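Note that this is a predicted model, so its numbers are computed, not measured.
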Amino acid sequence: MSRDLEEKVKRIDSATDKARAREKDSDRLKVEENVFDVPTLKILYTLSNKGIIKAMGGAISTGKEANVFYAEGDEKELAIKIYRMASSTFKAMDAYIMKDPRFTNIRNNRRDIIFAWTRKELQNLKRSKSAGVRVPEPIVAEKNVLIMEFMGEEKKPYPLLKNTPLEDDEAKLVYNKIVEYMHLLYKEANLVHADLSEYNILIDPADKTPVFIDMGQSVTLEHPNAREFLYRDVLNVLRFFGRYGITDKPEELLSKIQAETT
């Protein structure tokens, strides 16, 4: 490693240590230690040298396979999703990527699957946004690092649907918009989210608009399990909104999603 790169590593490590110092959850600290390995740091430096990343902040979410960090870009706030190379449960990714016709030449090893998964999420976000679904704007994917638009205010992400208080009339509007997005995914983007629930939908507090996130597992309709995944999404959405008096049956919601028009 060159001296210049060593100095950059030290600077990023120092910034990371400061961000970690603000965290009190020891489990989260343990997870983050698996994120900033040297290859990932090199990717972040490259993206920084290209002017994509101006400053990196702390973690805003921690998932089973990836951590998401706040960052400042040239003109907008960014979310940097880093898939953990050491601890990602990559075997769980097999059902979503190994049968995806877009990724037929992926070797069945941890590194290649995670890199492909990152590219897949970028492509899925692009297709979703083009179809009119509100998702974070995708910017670039490099190996295990995905950079996208930050969805939030004052460096805090929008709340998850599960954490958003709603009146019954507001819930009905949110539900209708989610159904519209599921329809657009299906008919315009040729996609099924495949992990849709109150845990993967943000709510913009300004207008209660839903934002679909975590789309790495989303599959095209050609995937052999697409219908099974869609049905699971339908059940998840109906289960959540049942508490607000939404009484659609799974078959009714499926019909709305697959209809020519909503």
Side-chain angles (χ1 to χ4, degrees), residues 11-36 40 44 47-48 51-84 118 121-122 124-125 128-129 133-141 144-167 170-171 173-175 177-178 181 193 195-216 236-237 240-241 244:
R11 288 201 295 273
I12 287 278
D13 280 344
S14 174
T16 302
D17 287 340
K18 288 178 183 177
R20 286 176 179 160
R22 296 195 293 268
E23 299 288 345
K24 297 180 181 178
D25 186 334
S26 61
D27 289 336
R28 181 170 293 182
L29 289 181
K30 233 177 259 186
V31 168
E32 288 189 13
E33 286 170 3
N34 292 325
V35 173
F36 292 104
T40 300
L44 294 174
L47 295 170
S48 177
I52 296 171
I53 303 171
K54 294 297 184 183
M56 195 137 168
I60 55 178
S61 74
T62 302
K64 294 188 294 293
E65 288 89 22
N67 286 25
V68 182
F69 297 85
Y70 173 85
E72 295 176 5
D74 189 24
E75 297 180 350
K76 63 177 69 177
E77 296 174 297
L78 305 174
I80 301 180
K81 189 170 189 175
I82 301 176
Y83 282 96
R84 295 189 296 276
T118 308
E121 185 158 16
L122 180 84
N124 289 340
L125 287 171
S128 302
K129 190 168 182 63
V133 179
R134 190 172 182 194
V135 296
E137 180 184 355
I139 295 171
V140 67
N144 62 316
V145 176
L146 171 65
I147 302 203
M148 54 194 157
E149 173 190 9
F150 174 70
M151 307 301 290
E153 299 174 311
E154 298 179 356
K155 300 184 180 181
K156 294 181 180 178
Y158 292 147
L160 291 170
L161 173 59
K162 78 179 186 75
N163 297 328
T164 303
L166 296 169
E167 299 294 334
E170 292 177 319
L173 292 173
V174 173
Y175 171 77
K177 182 58 74 170
I178 288 172
Y181 285 171
H193 187 285
D195 193 25
L196 195 63
S197 75
E198 65 270 30
Y199 294 89
N200 285 331
I201 300 172
L202 303 177
I203 298 294
D204 185 340
D207 57 8
K208 295 294 191 292
T209 304
V211 181
F212 284 10
I213 60 170
D214 290 339
M215 300 194 68
N236 284 340
V237 170
F240 179 80
F241 283 98
Y244 295 105

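- Residues L78 and G73 approach most closely at CD1-CA, 3.6 Å, considering heavy atoms.
- Interatomic distance, CG of D214 versus NZ of K81, reported as 4.0 Å (0.5 Å rounding).
- A donor-acceptor pair under 3.5 Å links the side-chain atoms of R84 to the main chain of K64, judged by distance alone.
- With rounding to the nearest 0.5 angstrom, the NE2 atom of H193 is 9.0 Å from the CG atom of N124.
- When the side chain to side chain contact (heavy atoms under 4.5 Å, CB included) test is applied to E75, no partner is found at least two apart in sequence or on another chain.
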Validation: residues 198-207 side-chain donor-acceptor distances under 3.5 Å, sequence neighbours left out:
{"residue": "E198", "atom": "OE1", "partner": "R239", "partner atom": "NH2", "Å": "3.1"}
{"residue": "E198", "atom": "OE2", "partner": "R239", "partner atom": "NH1", "Å": "3.1"}
{"residue": "N200", "atom": "ND2", "partner": "D195", "partner atom": "O", "Å": "2.7"}
{"residue": "N200", "atom": "ND2", "partner": "D195", "partner atom": "OD2", "Å": "3.0"}
{"residue": "D204", "atom": "OD1", "partner": "A206", "partner atom": "N", "Å": "3.0"}
{"residue": "D204", "atom": "OD2", "partner": "R134", "partner atom": "NH1", "Å": "3.0"}
{"residue": "D204", "atom": "OD2", "partner": "R134", "partner atom": "NH2", "Å": "3.2"}
{"residue": "D207", "atom": "OD1", "partner": "T209", "partner atom": "N", "Å": "3.0"}
{"residue": "D207", "atom": "OD1", "partner": "T209", "partner atom": "OG1", "Å": "2.7"}
{"residue": "D207", "atom": "OD2", "partner": "T209", "partner atom": "OG1", "Å": "2.9"}

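- Applying the salt bridge (charged side-chain N to carboxylate O under 4.0 Å, His left out) test to K177 and every residue at least two apart in sequence or in another chain returns E180.
- Atom NZ of K129 and atom CE of M215 lie 12.0 Å apart (nearest 0.5 Å).
- Residues V140 and L122 are not in side-chain contact: their nearest non-hydrogen atoms beyond the backbone lie 4.5 Å or more apart.
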Would you be so kind as to tabulate the donor-acceptor pairs closer than 3.5 Å made by side chains of residues 146-165, with sequence neighbours excluded?
{"residue": "E149", "atom": "OE1", "partner": "E137", "partner atom": "N", "Å": "2.9"}
{"residue": "T164", "atom": "OG1", "partner": "L160", "partner atom": "O", "Å": "2.8"}

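- Taking the side chain to side chain donor-acceptor pair (under 3.5 Å) definition, one finds that S48 meets it with nothing, sequence neighbours left out.
- Under the 4.5 Å side-chain criterion, counting only non-hydrogen atoms from C-beta, F212 is not in contact with S128.
- Note: Y244 and Y175 fail the aromatic proximity criterion, with ring centroids not under 6.0 Å apart.
- By the 4.5 Å heavy-atom criterion applied to side chains, F241 and V174 are counted as neighbours.
- Atoms CZ and CD1, on F69 and I53 in that order, are 11.5 Å from each other to the nearest 0.5 Å.
- For the atom pair I213 CD1 and L196 CG, the distance stands at 10.0 Å (nearest 0.5 Å).
- A search for side chain to side chain donor-acceptor pair (under 3.5 Å) contacts involving T118 returns nothing, not counting sequence neighbours.
- Within the model, atoms CG of L47 and CD1 of I80 stand 7.5 Å from one another, a figure rounded to the nearest 0.5 Å.
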